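What you see below is based on every heavy atom in this structure, not just the backbone, and it leaves out hydrogens, waters and symmetry mates. Predicted model, so just to flag it, every value in this text is computed and none were measured. In what follows, chains carry the letters A, B, and so on, assigned in the order in which the sequence lines appear, proteins first and then strands, with residues in each chain numbered from 1.
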Amino acid sequence: MASTIRVRATASGDSTEVQALIQHPMDSGFVKDAKGQLIPPHYIQQVVIEYDGKPVFIADWGPAVSKDPYLKFAFKGGKKGDDLKVSWTDNKGASDTLTAKIQ
Amino acid sequence: MSSSIWNDATVSRRSVLQGIAAVAVVGFTGVRFGMSEALAAANDKYPEDAFKQKSEADAIKSLYGKTAEKSDKVKLDAPEIAENGAVVPIAVSSSLPDVTSIAILVTENPNTLAAAYRILPGTAPTVSSRLKMAKTSNVIALVEAGGKLYSATKEVKVTVGGCGG
């Protein structure tokens, strides 16, 4: 089960640093393919990161976010071994979710 | 489709796609956030209209409904020169208290707003990600803290654009 999401969450002190890498084309709708046809927009619109059943971070993205987006932030709380849930939804309704253990 | 933004609940394809909760909210209440606020608290809507705006002023207005004042407490970390406009690392952080959201605008991109992040209680007011830039442009970091909006601007020179393919 290959996920599109890779997460590294590291607890240190009283906070947890999260780094996420998502595989996604993030097509902006402005780029043409080899035949000169516009590639329709296809991009992640929202990423939600949940800890302990509550969102700690929500990213709203436009097509200007780079291909295979990367995200880094930190939140207070989180212990080694706890679950962290990362999910995204794109403009075509596709989505993916991954639950990772905090390290 | 004009009207407001974070709370625009027009039944669009988006909202249909946004998951059962959102669909239920939109479907039953017709429009408007109001009474559904509790339900949707953790399910804030994607600010679709803000992402469609061409100018920075319109994007800021659409997203926040207010204007920003410059602040040296907003730290925008971006390269002077980006060799590849397709991947420009941008980090924003702030020393302001009670930060509730961070947004990044690239003024020369076709649509100005690149990303908006909701900083929930307990989350540090700092975020790093990578953006595409069509050409040399000002990058604006917006930080909403304590109900007010603050900004910082930096010019990033792009040698190869990120939107031309």
Is B/Val127 close to chain A through its backbone or its side chain, or both, or neither, when contacts mean heavy atoms under 4.5 Å?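 Both backbone and side chain.
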
Could you check whether atom CD of B/Glu69 has more than 12 heavy atoms from other residues, nucleotides or ligands sitting under 6.0 Å from it?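 More than 12 within 6.0 Å, yes.
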
Heavy-atom count around B/Lys73 NZ within 6.0 Å, excluding the residue itself: above 12?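 Open: at most 12 neighbouring heavy atoms sit under 6.0 Å from NZ of B/Lys73.
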
A/Phe57 vs B/Ile119 side-chain heavy atoms within contact, under 4.5 Å: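 Answer yes - side chains close enough.
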
Does a side-chain heavy-atom distance below 4.5 Å link A/Thr89 with B/Tyr46?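 Answer no - side chains too far apart.
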
Quick one: [atom1] on [X] to [atom2] on [Y], what's the gap to the nearest 0.5 Å?
{"X": "A/Phe30", "Y": "B/Asn111", "atom1": "CZ", "atom2": "CG", "result": "5.0 Å"}
{"X": "B/Tyr117", "Y": "A/Ile58", "atom1": "OH", "atom2": "CD1", "result": "13.0 Å"}
{"X": "B/Glu48", "Y": "A/Asn91", "atom1": "CD", "atom2": "CG", "result": "9.0 Å"}
{"X": "B/Leu120", "Y": "A/Phe73", "atom1": "CG", "atom2": "CZ", "result": "9.5 Å"}

Sorted by first residue and then second, give each side-chain hydrogen bond (donor to acceptor under 3.5 Å, both in side chains) pair with at least one member in residues 66-77 of chain A; sequence neighbours left out.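 As it turns out, the side-chain hydrogen bond (donor to acceptor under 3.5 Å, both in side chains) pairs with a partner in residues 66-77 of chain A, which skip direct neighbours, are A/Gln19-A/Tyr70.
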
So, for B/Ala115 and A/Trp61, which heavy atoms are closest and what is the spacing to 0.1 Å?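 Result for this residue pair: CB-CD1, 3.6 Å.
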
Heavy-atom pairs under 4.5 Å with chain B, option from A/Leu71, A/Val56, A/Val47 with the top count: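 Most heavy-atom pairs within the cutoff with chain B belong to A/Val56.
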
Report the residues that fulfil side-chain hydrogen bond (donor to acceptor under 3.5 Å, both in side chains) with A/Gln103, sequence neighbours left out, ordered by chain and then residue number.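 Scan of A/Gln103 (side-chain hydrogen bond (donor to acceptor under 3.5 Å, both in side chains), adjacent residues dropped) gives none.
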
Go through B/Gly122, B/Pro125, B/Ser128, B/Pro121 and name the one with the most non-hydrogen pairs under 4.5 angstrom from chain A.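 Of the options given, most contacts go to B/Ser128.
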
